[in-house]
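Hydrogens, waters and symmetry mates are skipped; everything else that's a heavy atom, side chains included, is used.
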Amino acid sequence: MERIPILRMGNYLLVTIQVDMHDKLALTLQDDLTNRISEVSAKGVLIDISSLEIVDSFIGRTLANIASMAKVLDAETVVVGMQPAVAITLVELGMSLPGIRTALNVESGMEYLRDAVANHEERDDFYGDSTED
């Protein structure tokens, strides 16, 4: 079975999609990524789609679902490397990709994740972590 590798970098997971995405592979990635977030208590997920020339509505919805599921599991998600043609296609399809943060490249995406996790930890320190009891 074809799978997309998920790399761990500290509190973050990195996914670089280097193959053409099809519906079954997207669903497998969704399952693998949510399981991995839970296993390692990841705080952030970075998905690099710079190799994708086409993102159809199903793949777009799957990315949005991954971001929503990650949020429920207490992890932020950022998608990086979207090609202009992909952005144009998604807008023409009327897809707004709710819940997905985007960045131009991996460096900007990692900076966003670090800031988001730091802000989240500050809120937990201020209000107290409700999971400590």
*Asks:* Side chains of Ser108 and Asn105 only: does a donor on one sit below 3.5 Å from an acceptor on the other?
*Replies:* yes
*Asks:* Members other than Met110 in its cluster, when Ile, Leu, Val, Met, Phe, Trp, Tyr link by side-chain heavy atoms under 4.5 Å?
*Replies:*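 Besides Met110, the hydrophobic cluster comprises Leu7, Met9, Tyr12, Leu14, Leu46, Val78, Val80, Val106, Tyr112, Leu113, Val117, listed by chain and residue number.
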*Asks:* How long is the span from the CG atom in Asp20 to the CD atom in Glu53, to the nearest 0.5 Å?
*Replies:*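 Output value for this atom pair is 7.5 Å.
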*Asks:* How close do Thr62 and Ala26 get, heavy atom to heavy atom, and via which atoms?
*Replies:*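 Closest heavy-atom pair between Thr62 and Ala26: CG2-O, 3.6 Å.
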*Asks:* For Arg114, give me all partners under side-chain hydrogen bond (donor to acceptor under 3.5 Å, both in side chains), at least two apart in sequence or on another chain.
*Replies:*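 With sequence neighbours excluded, Arg114 shows a side-chain hydrogen bond (donor to acceptor under 3.5 Å, both in side chains) to no residue whatsoever.
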*Asks:* Has Glu39 got more than 12 heavy atoms of other residues, nucleotides or ligands less than 6.0 Å from its CD?
*Replies:*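 Count over threshold, so yes.
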*Asks:* For Ser68, which residues count as a side-chain hydrogen bond (donor to acceptor under 3.5 Å, both in side chains) partner, sequence neighbours excluded?
*Replies:*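 Result, side-chain hydrogen bond (donor to acceptor under 3.5 Å, both in side chains) vs Ser68: none returned.
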*Asks:* Not counting sequence neighbours, list each pair that qualifies as a salt bridge (Lys or Arg N to Asp or Glu O under 4.0 Å) and has a residue in residues 55-69.
*Replies:*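 As it turns out, there is no salt bridge (Lys or Arg N to Asp or Glu O under 4.0 Å) pair with a partner in residues 55-69 once direct neighbours are skipped.
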*Asks:* Using the side chain to side chain contact (heavy atoms under 4.5 Å, CB included) criterion, which residues pair with Gln18? Sequence neighbours excluded.
*Replies:* Thr16, Ser51
*Asks:* Tell me every residue that passes side-chain hydrogen bond (donor to acceptor under 3.5 Å, both in side chains) with Asp48, counting only those two or more places apart in sequence or in another chain.
*Replies:* Ser50
*Asks:* Identify, with sequence neighbours excluded, every residue that meets side chain to side chain contact (heavy atoms under 4.5 Å, CB included) alongside Glu2.
*Replies:* Val19, His22, Leu25
*Asks:* Does any non-hydrogen side-chain atom of Gln83 lie less than 4.5 Å from one of Ile49?
*Replies:* no
*Asks:* To the nearest 0.5 Å, tell me how far Ile17 CD1 sits from Ile4 CD1.
*Replies:*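 The CD1 atom of Ile4 is 4.5 Å from CD1 of Ile17, to the nearest 0.5 Å.
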*Asks:* Who are the side chain to side chain contact (heavy atoms under 4.5 Å, CB included) partners of Glu111, not counting sequence neighbours?
*Replies:*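 Testing Glu111 for side chain to side chain contact (heavy atoms under 4.5 Å, CB included), a comparison that skips the adjacent residues, returns Asp115.
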*Asks:* Within this structure, what is the CD1-OG1 distance for the pair Ile47 and Thr102, rounded to the nearest 0.5 Å?
*Replies:* 12.0 Å
*Asks:* Which residues satisfy the side chain to side chain contact (heavy atoms under 4.5 Å, CB included) test with Val40, sequence neighbours excluded?
*Replies:*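 Residues passing side chain to side chain contact (heavy atoms under 4.5 Å, CB included) with Val40: Arg8, Leu13, Arg36, Ala42.
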*Asks:* Applying salt bridge (Lys or Arg N to Asp or Glu O under 4.0 Å), which residue pairs with at least one partner in residues 22-34 are found, sequence neighbours left out?
*Replies:*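 Those involving residues 22-34 are Arg3-Asp32.
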*Asks:* Who pairs with Asp74 by side-chain hydrogen bond (donor to acceptor under 3.5 Å, both in side chains), at least two apart in sequence or on another chain?
*Replies:* Lys43, His120
*Asks:* I want to check something: taking the side chain as every heavy atom from C-beta on, are Thr89 and Val55 in contact at a cut-off of under 4.5 Å?
*Replies:*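 A side-chain contact under 4.5 Å is absent here.
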*Asks:* Look at atom CG of Leu93 and say whether more than 12 heavy atoms of other residues, nucleotides or ligands are closer to it than 6.0 Å.
*Replies:* yes
*Asks:* Taking the side chain as every heavy atom from C-beta outward, state whether Leu33 and Met69 have any atom pair closer than 4.5 Å.
*Replies:* no
*Asks:* Just wondering, are more than 12 heavy atoms of other shown residues or ligands nearer than 6.0 Å to CD1 in Ile54?
*Replies:*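 No, not enclosed.
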*Asks:* Could you note down all residue pairs passing salt bridge (Lys or Arg N to Asp or Glu O under 4.0 Å) where residues 75-84 supplies at least one of them, sequence neighbours left out?
*Replies:* Lys71-Glu76
*Asks:* Can you check whether Thr77 reaches Arg101 side chain to side chain, under 4.5 Å on heavy atoms?
*Replies:* no
